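These notes concern the structure reproduced below.
Note that the structure is a prediction, hence the values are computed from the model and not measured. Atoms within each ligand, like the ligands themselves, are counted from 1 in listed order. We count residues from 1, following the sequence as given.
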Amino acid sequence: MSILVTGGNGFIGSHTCVELAEAGYDFIIMDNCSNSDEKNIEVIQKIIGKNFKFYNADMRDFNGVDGIFKENTIDSVIHFAGLKAVGESVEKPLEYYENNVSGTINVLKAMNKNSCKNIIFSSSATVYGLNNKVPFEETMPLSAINPYGQSKIMIEKILTDLCKADLEWSAVILRYFNPIGAHESGLLGENPKGIPNNLIPYINHVALGDLPYLNIFGNDYDTPDGTGVRDYIHVVDLAKGHIKAMDYGFKHKGAEVFNLGSGKGTSVFEIVKAYEKASGKKIKYKIIGRRAGDVGMCYADIRKAEKVLDWHAKYDIEKMCRDSWNFIKKQHGN
Ligand code: NAD
Ligand code: UDP
């Protein structure tokens, strides 16, 4: 079986490629490296101990994507490629819709043309919007307050419509909660360019001493300690979820949605404490106002993934923080 992994050079995609190899699948990566370092390809090859094909290609170029299908026999696509910065999506909506939505339509058209009708898609918990009550269930109404979230809702709809129109299609839609952590080797992980927006990448740099303190966005939420609660999931657990989702997709036609999270909520204060323990570093912080668009609590109802995919997250917050710290330390030669 050969799998095309779009965005396979990125954070979640690279970890998933390692798990694909582990499970005995061949894969090909297509990535334009707009948000990742091409060196990751060598790192993945080093971890799995073998080579694979890599196309430095942009999914917005239909002929390029079509060419990959012509040159290879592809049984399924795991589709990670996309832009993911919420704030940037508000500033550059056209770029986000063009890249995420038009890019995905190109991938789907190329798949259709080459009779590959099996896809796993990276959606997000952000599609649950601001009005649902935790834990979030797959059947809840969807809404988005920014173009990034809207692009995920649109793609989910496109996939659902495609599966209705052509009964040969299979689309497994995975709504990720908050992936953190890194590969145990410390060679793969998340290290965004510039000042990070997300909690763990920010804390990583406070621990390294590059940033003086963490700004905590609000301690007046209706949560046990007042800070925001999220469902953090180790990226390796998440990557393993894709193998289960793909196996499911090979056996079932139609569109199906699954939450991939741990099912547990953890507050910002709890993360700070766990990270301090894992790294032995003091994480200084200041409480500032809430960040626009943030919900107080976000965690998954994971019963469907447990029951149907026979999957659940194994690693706890301590392990997630340990692996994040191990990765960032290695990146900075500490
Ligand atoms: P990432 O940015 O590390 O990986 C995405 C990869 O896609 C990058 O390597 C980038 O270069 C590539 N890419 C972007 N546009 C492309 C294009 N037009 N053509 C080819 N390649 C392109 O992000 P990630 O964290 O690994 O996320 C993967 C997917 O999961 C994304 O679709 C993201 O929206 C979704 N997701 C991520 C999170 C998260 O917190 N990381 C949460 C929910 C959903
Ligand atoms: N957060 C914070 N300071 C930061 C970044 C994040 O206090 O510099 C909080 C944020 O308000 C939320 C949690 O940490 O409660 C996780 O934020 P992140 O951006 O990582 O994920 P998301 O909010 O997109 O789920």
For Tyr128, run the side-chain hydrogen bond (donor to acceptor under 3.5 Å, both in side chains) check against Arg175, Glu137, Glu138 and tell me which one passes. Arg175

Run the contact test for Ala57 against ligand 1 with a 4.0 Å cut-off on heavy atoms, strictly below, and give the result. yes

Would you mind checking which non-hydrogen protein atom is closest to atom 19 (N) of ligand 1, with the distance to 0.1 Å? Met59 N, 3.0 Å

Which of the ligand 1 atoms, numbered from 1, are nearer than 4.0 Å to a heavy atom of Ser122: 29 (C), 30 (O), 32 (O), 35 (C)

Who are the residue neighbours of ligand 2 when the rule is a heavy atom under 4.0 Å from any of its atoms? Asn178, Asn197, Asn198, Leu199, Leu214, Asn215, Ile216, Phe217, Gly228, Arg230, Tyr232, Val268, Arg291, Asp294

protein heavy-atom neighbour closest to atom 4 (O) of ligand 1 works out as Gly10 CA, 3.5 Å

Contact between Ile233 and Tyr176 at the side-chain level, heavy atoms closer than 4.5 Å - yes or no? no

Tell me which protein heavy atom sits closest to atom 5 (C) of ligand 1, plus the residue, atom name and distance to 0.1 Å. Gly82 O, 4.0 Å

Donor-acceptor side-chain pairing of Asn40 and Ser14 below 3.5 angstrom: no

Are any of the heavy atoms in Ser34 under 4.0 Å away from ligand 1? yes

Can you check which of Phe11, Tyr148, Tyr176 brings a heavy atom nearest to atom 33 (C) of ligand 1? Tyr148

Quiz question: by atom type and distance under 3.5 Å, do the side chains of Trp311 and Asp237 form a donor-acceptor pair? no

What protein heavy atom is closest to atom 8 (C) of ligand 1, reported as residue, atom name and distance in Å? Asp31 OD2, 3.6 Å

Please list the nearest protein heavy atom to atom 27 (O) of ligand 1 with its residue and the distance rounded to 0.1 Å. Ile12 CD1, 3.8 Å

Test: Lys109 cationic atom under 6.0 Å from Phe62 six-membered ring centre, within 45° of axis: yes

Element-labelled atoms of ligand 1 that are located less than 4.0 Å from some non-hydrogen atom of Ser124: 43 (C), 44 (C)

Kindly assign one of parallel, tilted or perpendicular to the pair Tyr275 and Trp325, based on the angle between their ring planes and the thresholds 30° and 60°. perpendicular

Same hydrophobic cluster for Val18 and Met1, using side-chain heavy-atom links shorter than 4.5 Å among ILVMFWY? yes

Apply the side-chain contact (heavy atoms from CB on, under 4.5 Å) test between Met154 and each candidate in Asn100, Val101, Ile105; give the one that qualifies. Val101

Suppose we screen for salt bridge (charged side-chain N to carboxylate O under 4.0 Å, His left out). Which residues come up paired with Glu276, at least two apart in sequence or across chains? Lys282

Result of checking Ile3, Asn118, Asn114, Ile68 against Ile74 for side-chain contact (heavy atoms from CB on, under 4.5 Å): Ile68

Which ligand 1 atoms, with their elements, are less than 4.0 angstrom from a heavy-atom of Cys33? 11 (O)

Take the angle between the ring planes of Phe258 and Tyr248 and call it parallel below 30°, perpendicular above 60°, tilted in between. perpendicular

For Ser123, the ligand 1 atoms whose distance to one of its heavy atoms is below 4.0 Å: 43 (C), 44 (C)

Given Asp61, Val5, Asn100, Asn35, identify the one with the heavy atom nearest to atom 1 (P) of ligand 1. Asn35

Of the side chain and backbone of Asn99, name the one, both, or neither that has a heavy atom under 4.0 Å from an atom of ligand 1. side chain

For residues Phe80 and His15, establish whether the separation of their ring centroids is below 6.0 Å. no

Quick one: do Lys84 and Glu190 make a salt bridge, cutoff under 4.0 Å? yes

If the plane angle is over 60° it's perpendicular, under 30° parallel, otherwise tilted; pick one for Tyr148 and Tyr96. perpendicular

Protein residue, atom and distance nearest to atom 28 (C) of ligand 1, heavy-atom basis: Phe80 O, 3.6 Å

Mark the output for Asp58 as yes if a heavy-atom distance to ligand 1 is under 4.0 Å, and as no if none is. yes

Distance filter under 4.0 Å to Gly7 heavy atoms, resulting ligand 1 atoms: 6 (C), 7 (O)

Looking at ligand 1, does Ser14 have a heavy atom less than 4.0 Å from it? no

Going by the closest heavy atom to atom 23 (O) of ligand 1, which one wins out of His15, Lys152, Lys84? Lys84

Using the side-chain contact (heavy atoms from CB on, under 4.5 Å) definition, which of the options Ile28, Ile44, Leu20 pairs with Phe52? Ile44

Please tell me whether Ser2 and Asp75 have a donor and an acceptor in their side chains that are separated by less than 3.5 angstrom. no

Name the closest protein heavy atom to atom 22 (C) of ligand 1, giving the residue it belongs to and the distance to 0.1 Å. Asn32 OD1, 3.1 Å

Within 4.0 Å of some non-hydrogen atom of Pro179, the atoms of ligand 1 are 39 (C), 40 (O), 41 (N)

